[in-house]
Amino acid sequence: MVTPEPFDLDLTVRSHGWYDLAPWRWDGERQVLARPVRLSTGRVVDAEVVPAPGGLAFRAAARGRLSAAEAREAEAALARSLALDEDLAPFRTRAAALERERTSGRRPELPDLRWALGRGAGRLLRSPTVFEDAVKTLCTTNCSWALTRLMVSRLCEKMGESGPRGDPGFPTPKAMAGRPERFYREEIRAGYRAPYLRALARQVAEGELDLEALRTTTEPPEAISKRLRALAGFGPYAAEHLLRLLGRHGHLALDSWTRATLARRRGKKRVPSDRTFLRWYAPYGEWAGLAMWLEATTAWHGEGPPEPP
DNA sequence: GCGTCCAGGTCTACC
DNA sequence: GGTAGACCTGGACGC
């Protein structure tokens, strides 16, 4: 698998929390990213990538013989998940220019992204399907990360089909649409999110909603955001977070964690207003959300000064 | 062991 | 358009 230059698997995998959610598996020591992937034929394969000379090595295992076309489909799913197709050159050009303004002292409010430019950060781990990203986004709202993990694990365990390893994959829209709201409350323990999850699955399963088309649409981000906000349970944060995973970085997708983390990083005693956050990253234009996210996650990658408690 | 708070928000009613 | 209050769960915390 050919990767863009520069590319760092660990940096992309740990770009946000998805690698920590089922059905992803990440072995940080061996640098192996793996998961079950459902193919268009309905077969579920176990696919994985590891760093290799010139890029990444891809491996897939299935019950029975895997055709070349099936292997290509699984490989494409992981390439898509690693955002290998995303062109970050415009972001890097702008970030380099702004970095010069920051270091010259003209714009001290800009984030220090030297590490990100040096290591090629900016690719965010996605799911093989936009549906999976949307469901997981709903599961991150108004709860702790521990609860998000629990809800997503239960979705996979109770409705996902397994690959040859036996680990359940992510459920299909059809599988999720077939369950009543009560199931999401009582079995998934999703609380008030239950009707949102079921409605989303039903709309996608019945063809009313084509989330996958959002990857390639030429619509402006505002139009996509408006469509996402029309979905039950998708407020400003959820819509902007999904836009981020679609490679649209003009919005900040501020949540309680990013607000608190950025305030701490910048030594603010109080969390600034959203207007202030918008001002800090406005020079990045259509890349404002990515610049913000990279600043917020600087410490995850062992960069920058140690964060105050 | 128990009660309270709140976390990677959203929706509705009301002004 | 702005805001208060309700909404599920489960982990952390204080007592």
Side-chain angles (χ1 to χ4, degrees), chain A residues 13-22 24 26 111 124-127 132-158 176 179-201 203 209 222 224-246 248-249 251-266 268 270-278 280-281 288-301 307 309:
Chain A
V13 171
R14 295 192 304 104
S15 54
H16 65 123
W18 263 206
Y19 75 95
D20 189 39
L21 298 179
W24 286 109
W26 170 240
L124 307 181
L125 184 68
R126 312 153 168 170
S127 305
E132 183 178 327
D133 279 336
V135 169
K136 286 178 170 173
T137 297
L138 279 178
C139 291
T140 64
T141 57
N142 195 28
C143 65
S144 63
W145 187 252
L147 182 54
T148 298
R149 291 185 70 186
L150 277 173
M151 288 188 283
V152 173
S153 294
R154 290 177 190 137
L155 287 172
C156 294
E157 284 161 15
K158 293 176 186 291
M176 285 184 62
R179 303 287 188 145
E181 185 181 317
R182 197 177 66 245
F183 169 83
Y184 292 97
R185 287 188 187 274
E186 296 175 1
E187 303 289 326
I188 305 301
R189 311 291 291 169
Y192 68 87
R193 302 169 195 84
Y196 305 155
L197 292 169
R198 183 168 187 278
L200 181 69
Q203 285 177 274
L209 176 65
E222 286 67 26
I224 305 173
S225 176
K226 194 175 172 188
R227 285 168 60 187
L228 293 174
R229 290 289 305 276
L231 302 173
F234 279 79
Y237 161 75
E240 292 179 15
H241 182 257
L242 198 49
L243 274 172
R244 170 180 292 157
L245 297 181
L246 290 165
R248 307 294 191 107
H249 296 287
H251 297 85
L252 299 188
L254 290 165
D255 56 26
S256 58
W257 182 83
T258 47
R259 290 185 183 98
T261 300
L262 291 167
R264 205 168 52 243
R265 284 198 64 79
R266 295 201 177 200
K268 307 289 182 191
R270 292 169 58 183
V271 174
S273 68
D274 286 1
R275 194 178 297 180
T276 300
F277 286 121
L278 288 168
W280 285 354
Y281 304 101
L290 184 57
M292 186 280 298
W293 185 251
L294 290 172
E295 179 178 11
T297 58
T298 298
W300 290 5
H301 307 293
E307 272 190 31

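Letters A, B, ... mirror the listed sequences (proteins, then strands); counts begin at 1.
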> Picking from B/dG8, C/dC8, C/dG10, which would you name as closest to the side chain of A/L150?
Replying inline: C/dG10

>> Between A/R154 and C/dG10, is there a contact of a side-chain N or O with OP1 or OP2 at under 4.0 Å?
In response: yes

> When all nucleic acid strands are considered with a 4.0 Å heavy-atom cut-off, which category describes A/S256: base, sugar-phosphate, or nothing?
Replying inline: sugar-phosphate

> Looking only at N and O atoms, is any donor in the side chain of A/Y196 or the base of B/dG9 less than 3.5 Å from an acceptor on the other one?
Replying inline: no

>> Categorize A/H16 for me: base, sugar-phosphate, or nothing, with a 4.0 angstrom heavy-atom threshold over every strand shown.
In response: nothing

> Among C/dT9, C/dC7, B/dT10, which nucleotide sits nearest the side chain of A/L147?
Replying inline: C/dT9

> With both distances under 3.5 Å as the test, what is the Watson-Crick or G-U wobble partner of C/dG14?
Replying inline: B/dC2

> Say you pick atom C1' in B/dG8 and the same atom in C/dA4; how far apart are they, in whole Å?
Replying inline: 23 Å

> How would you label the contact of A/A194 with the nucleic acid (heavy atoms, under 4.0 Å): base, sugar-phosphate, or nothing?
Replying inline: nothing

>> Ring centres within less than 5.5 Å and planes less than 30° apart: is that true of A/W145 and B/dA7 in this structure?
In response: no

>> Within the 4.0 Å heavy-atom criterion, would you say A/A232 contacts the bases, only the backbone, or no part of the nucleic acid?
In response: sugar-phosphate

> Between atom OH in A/Y192 and atom C1' in B/dA7, what is the gap in whole Å?
Replying inline: 10 Å

> Expressed in angstrom and rounded to an integer, what is the separation of A/R259 atom CZ from B/dG9 atom C1'?
Replying inline: 9 Å

>> When you measure from the side chain of A/R193 to the backbone of A/T141, do you find a donor-acceptor pair of N or O atoms at a distance under 3.5 Å?
In response: yes

>> Distance check needed: B/dA7 C1' versus A/M151 CE, whole Å only.
In response: 11 Å

>> Classify A/R229 by what it touches in the nucleic acid, base, sugar-phosphate, or nothing, heavy-atom distance under 4.0 Å.
In response: nothing

> Roughly how many Å is it from OH in A/Y19 to P in B/dG8, rounded to a whole number?
Replying inline: 14 Å

> Under 3.5 Å, is there a donor-acceptor pair between the A/T261 and A/T258 side chains?
Replying inline: no

> Under 4.0 angstrom, heavy atoms only, what part of the nucleic acid is A/L231 near: base, sugar-phosphate, or nothing?
Replying inline: sugar-phosphate

>> Has A/S153 got a side-chain atom pairing as donor or acceptor with A/A22's backbone, closer than 3.5 angstrom?
In response: no

> Contact class for A/L254 vs. all strands (heavy atom < 4.0 Å): base, sugar-phosphate, or nothing?
Replying inline: nothing

>> Evaluate A/L245 against A/H16 for side chain to side chain contact (heavy atoms under 4.5 Å, CB included), listing each step before the verdict.
In response: CA-CA 10 Å; A/L245 297 181; A/H16 65 123; 3.6 Å; yes

>> Please report the distance, rounded to the nearest Å, between CG in A/D20 and C1' in B/dG8.
In response: 13 Å

> In whole angstrom, what separates A/L21's CG from B/dG8's C1'?
Replying inline: 11 Å

> Where the side chain of A/R189 is concerned, which of C/dG10, C/dC8, B/dG8 is the nearest nucleotide?
Replying inline: C/dG10

> So A/K136 and A/E132, salt bridge (Lys or Arg N to Asp or Glu O under 4.0 Å) or not? Walk me through it.
Replying inline: CA-CA 6 Å; A/K136 286 178 170 173; A/E132 183 178 327; 2.7 Å; yes

>> Here's a test for you: under ring-ring contact (aromatic ring centres under 6.0 Å, His included), which of A/Y281, A/F277, A/W257 qualifies with A/W293?
In response: A/W257

> Hey, which of these two, A/A146 or A/A190, hits DNA chain C nearer its 5' end, going by closest nucleotide?
Replying inline: A/A190

>> Mind checking if A/R193 touches a base, just sugar-phosphate, or nothing, with heavy atoms under 4.0 Å?
In response: base

> Roughly how many Å is it from CG in A/N142 to P in B/dT12, rounded to a whole number?
Replying inline: 15 Å

>> Please classify the nucleic acid contact of A/S144 as base, sugar-phosphate, or nothing, using heavy-atom distances under 4.0 Å.
In response: base

> In whole angstrom, what separates A/L197's CG from C/dC8's C1'?
Replying inline: 12 Å

> A/Y196 and A/V135: side chain to side chain contact (heavy atoms under 4.5 Å, CB included), yes or no, with the steps?
Replying inline: CA-CA 9 Å; A/Y196 305 155; A/V135 169; over 6 Å; no

> Who is the Watson-Crick or G-U wobble partner of C/dG2, with both distances under 3.5 Å?
Replying inline: B/dC14

